[in-house]
Protein chains: 2
Amino acid sequence: MAEEKQDKSEQFVCSACGDKHPQERETGCICRCPEIIAELEQCMPCEEEIYDVSELFRVLGDLTRAKILFALSQREMCVCDIAEVLGMTQSAISHQLRVLKQARLVRYRREGKAVSYSIADHHVKTILSMGIEHVAE
Amino acid sequence: MAEEKQDKSEQFVCSACGDKHPQERETGCICRCPEIIAELEQCMPCEEEIYDVSELFRVLGDLTRAKILFALSQREMCVCDIAEVLGMTQSAISHQLRVLKQARLVRYRREGKAVSYSIADHHVKTILSMGIEHVAE
DNA sequence: TAAACGTATGAACAGATATTCATATGTAAG
DNA sequence: CTTACATATGAATATCTGTTCATACGTTTA
């Protein structure tokens, strides 16, 4: 009976490769063939790599942090000056600098009582300006 | 008396410009001069522009959406195929595609019952690959 | 027209997160 | 050593956000 079912044209012409495939997809969707699904699954980056990328963008994707990075892309600054430029509290800035530090997007060094922050590397500047460019269209 | 106070070296040598400035900063920090603060405030992008940039990165900064964009950067795909490749439900993918649509990062077109999604423009691919490059180091 | 299928969406819930407040830490000056 | 100042941080809170579930919508086919 299972045989009969299979013989009774439980197949469809794949729109992607032109071949015929049995309807064995879990989702029920038959618009693409299983081979192509498998191929895509194969060429996807590994979980860790793709997580790191989304993590990078997540850190950039906050208004306060974006402002901080813009300011630091102009010049090295201490915490309270960043706070003044952005019109925010020292505590809020400090918390966000911690996030940026952990993501290795900024560097810091002590200068007496103050701590001076700066952009970690030119890569960060490049990604930032890519973002501006895209938004400006 | 206010005059006396000012005369009594209520000034400091600015480490940035070498000039002397009165201690009139609200935060109390005197590590940078007011002129430089003002200059930075001036060269900061307008609120709307910087918001749009952070918004762009915010949308990219989610694991599921990053995966979707990676998949779509390989080929145009329908919703249920994306769901299968990522091993997630159709609903979850559809909700995220809505976010990507609103951010104009993906395009879509009906193909019979199915809806095919694709990357909106090459700019998106570029930003994505910049992210990968940065993470790979 | 009814059934099947692919997709979209509203409500609900759990988990993440940004700011505030209070306070601790580290450094320099008196 | 005490005081002042710049920064860091833990706790609390309000807000945001991603997934699930149920269901509606739109298209095709019988």
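Residue numbers start from 1 in every chain, and the chains themselves are labelled A, B, ... in the order their sequence lines are given, proteins ahead of strands.
Atom CG in B/Leu97 sits roughly 11 Å away from atom P in C/dT9 (whole-Å rounding). Rounded to whole Å, the distance from CD1 on B/Ile68 to P on D/dT19 is 8 Å. Per the geometry, CD belonging to A/Glu84 stands 16 Å off C1' belonging to D/dT7, to the nearest Å. Taking atom CG on B/Leu63 and atom P on D/dG18, their separation rounds to 11 Å, with Å as the unit. Per the geometry, CZ belonging to B/Arg65 stands 8 Å off C1' belonging to D/dG18, to the nearest Å. Spacing between atom CG of B/Leu86 and atom P of D/dT20 amounts to 12 Å, rounded to whole angstrom units. The CD atom of B/Glu111 sits 14 Å away from the C1' atom of D/dT28 (whole-angstrom rounding). Taking atom CE on A/Met77 and atom C1' on D/dA6, their separation rounds to 14 Å, with Å as the unit.
Regarding contacts with the backbone of D/dT20, a side-chain N or O of B/Thr89 is found under 4.0 angstrom from either OP1 or OP2. Look at A/Tyr117 and you won't find any side-chain N or O under 4.0 angstrom from OP1 or OP2 of D/dA6. Between A/Arg98 and D/dT9, a side-chain N or O to OP1/OP2 separation shorter than 4.0 Å is present. An OP1 or OP2 oxygen of D/dC5 is reached within less than 4.0 angstrom by no side-chain nitrogen or oxygen of A/Gln90.
Among the nucleotides C/dT19, D/dT7, C/dT17, the one closest to any side-chain atom of A/Arg58 is C/dT17. Ranking C/dC21, D/dT7, D/dT20 by closeness to the A/His95 side chain, first place goes to C/dC21. For B/Lys113, the side-chain atoms get nearest to D/dT28 when compared with the rest of C/dG26, D/dT28, C/dA8. The side chain of A/Val115 sits closest to D/dT7 out of D/dT17, C/dA18, D/dT7.
Looking at A/Ser116 and A/Glu111, their side chains do bring a donor and an acceptor atom within 3.5 Å of each other.
With rounding to the nearest 0.5 angstrom, the NZ atom of B/Lys125 is 8.0 Å from the CD atom of B/Gln74.
Nearest-nucleotide positions on DNA chain C for A/Asp62 and A/Arg110 put A/Asp62 closer to the 5' end.
Contacts of B/Ala92 with the nucleic acid, taken as non-hydrogen atoms under 4.0 Å apart, include base atoms. In this structure, B/Tyr108 reaches neither bases nor backbone, as no heavy-atom distance under 4.0 Å exists between it and the strands shown.
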Next on the checklist: Pair A/Met130, B/His123 - check side-chain contact (heavy atoms from CB on, under 4.5 Å), show working.
Outcome noted: CA-CA 9 Å; A/Met130 285 283 314; B/His123 234 149; 4.0 Å; yes

Checklist entry - Are A/Met77 and B/Leu40 close enough, and set up right, to give a side-chain contact (heavy atoms from CB on, under 4.5 Å), and what steps lead you there? => result CA-CA 10 Å; A/Met77 295 178 78; B/Leu40 250 172; 3.1 Å; yes

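Using a 4.0 Å cut-off between charged nitrogen and carboxylate oxygen, A/Arg107 and A/Glu76 do not count as a salt-bridge pair.
Looking at B/Ser91, its side chain comes within 3.5 Å of the base of C/dT9 through a donor and an acceptor atom.
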